[in-house]
Amino acid sequence: MRIILLGAPGAGKGTVAKLLTAFDGSVQISTGDILRGAVKAGTPLGKEAKGYMDSGGLVPDSLIMGIMEQRLQEKDCQGGFLLDGFPRTIPQADELGKLLAKLNIKLDLVANIDVPRDVILDRLTTRRTCSNTSCQEIYNVKSNPPAPGDKCKKCGSPTIQRADETVEAISKRLDVYNEKTAPLIGYYDKKGLLLTIKETSSDGVVNAIKNGIAAKK
Ligand code: ADP
Ligand code: ZN
């Protein structure tokens, strides 16, 4: 499948993407994961992105488009991809449209995962992420806790609370989402690609996406 996952921070895009890759072998492309990997590795990209990310703001479109232009042409994308956290602005969506046209790729759909704000706030403040950049498994202290000692169950590395998951950074990220990213809902609706999903369980969202794609075929 070739889809975009749209939704506020904490809507569950990453979790849903992981479940869907297991289903049909499409690859998850998370710009957030790529950027955090670059920050940890101390690359020039990471050095430039870090300040924007820690404050909860967006990284400039030009940096993101450079990453995505390369990433979408890698071989593993030929079997399909799930875009998680990209596009995040109208200019990114316009650029993505041009890039996909150039590569002769058609999107199946844009899934808009619509979760109430109070659910999102609760989820984000209880989230923990594996500190190992090649793992980045996500936990929740209430519903899916890490192993004893706050260790990752998959790789044993410490799990951490992200710098952008303090209450201030979270409310900033939600404001940024409403201002910069939510306009993409109307943008993709006009293109006839939008599927809005109001399920709060990840299985419910996964099924709605599978059904949505089947209905378009
Ligand atoms: P979230 O949990 O907020 O969805 P992500 O893991 O997708 O977070 O992204 C973390 C941070 O990385 C964002 O707050 C932003 O600073 C940066 N980022 C990720 N994707 C993009 C993008 N497409 N455009 C601009 N900035 C991005
Ligand atoms: Zn891990």
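Both backbone and side-chain heavy atoms feed into the values below; hydrogens, waters and symmetry mates do not. Remember, it's a predicted structure, so these values are computed and weren't measured experimentally. Indexing begins at 1, ligand by ligand and atom by atom, following the structure's order.
- Of all protein heavy atoms, the one closest to atom 17 (C) of ligand 1 is L35 CD1, 3.6 Å.
- A donor-acceptor pair under 3.5 Å is absent between the side-chain atoms of T89 and the main chain of K180, judged by distance alone.
- Each of L109, D24, L107 was checked for a side chain to side chain contact (heavy atoms under 4.5 Å, CB included) with M1, and the lone residue meeting it is D24.
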Decide yes or no on side chain to side chain contact (heavy atoms under 4.5 Å, CB included) for L96 and L72, but give the supporting numbers first.
CA-CA 10 Å; L96 174 66; L72 281 170; 3.8 Å; yes
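- Scanning all protein heavy atoms for the shortest distance to atom 15 (C) of ligand 1 gives G57 O, 3.4 Å.
- Taking the centre and axis of the six-membered ring of Y187, the NZ or CZ atom of K191 falls inside the cone set by 45° and 6.0 Å.
- Residue-level proximity to ligand 1 for I64 is carried by the side chain, the only part with a heavy atom below 4.0 angstrom.
- Listed for the T43 side chain is no donor-acceptor partner under 3.5 Å among the backbone atoms of V39.
- Heavy atoms of R162 found under 4.0 angstrom from ligand 1 belong exclusively to the side chain.
- At a threshold of 4.0 Å, the pair K102-E69 counts as salt-bridged, since one of the basic side-chain nitrogens sits closer than that to a carboxylate oxygen.
- The angle C130:SG - the Zn ion (ligand 2) - C135:SG amounts to 110°, with values rounded to 10 degrees.
- For R128 (side chain) and I138 (main-chain N/O), no donor-acceptor pair under 3.5 Å exists by modelled atom type.
- At distances below 3.5 Å, at least one donor-acceptor pair connects side-chain atoms of T31 with backbone N or O atoms of G85.
- The contact set between ligand 1 and K13, taken as ligand atoms under 4.0 Å from a residue heavy atom, comprises 4 (O).
- Scanning the protein heavy atoms around atom 25 (C) of ligand 1, the nearest turns out to be V59 O, 3.3 Å.
- Side chain of D108 to backbone of R2: a donor-acceptor contact under 3.5 angstrom is found.
- Considering backbone and side-chain N/O atoms, S30 never comes within less than 3.5 Å of an N/O atom of ligand 1.
- Of the protein's heavy atoms, R173 NH2, 2.7 Å lies nearest to atom 2 (O) of ligand 1.
- At least one N/O-N/O distance between G85 and ligand 1 falls below 3.5 Å.
- The distance from ligand 1 to the heavy atoms of Q92 drops below 4.0 Å at these ligand atoms: 22 (C), 23 (N), 24 (N), 25 (C).
- Nearest protein heavy-atom neighbour of atom 11 (C) of ligand 1: M53 CE, 4.0 Å.
- Taking a 6.0 Å sphere around NZ of K210, one finds it holds more than 12 heavy atoms contributed by other residues, nucleotides or ligands.
- In this structure, atom 10 (C) of ligand 1 lies nearest to the protein heavy atom R36 NH1, 3.5 Å.
- Here R127 has side-chain heavy atoms under 4.0 Å from ligand 1, and that is the only part of it that gets that close.
- For atom 20 (N) of ligand 1, the closest non-hydrogen atom on the protein side is T31 OG1, 2.7 Å.
- With hydrogens left out, the protein atom closest to atom 9 (O) of ligand 1 is R88 NH2, 3.3 Å, a heavy atom.
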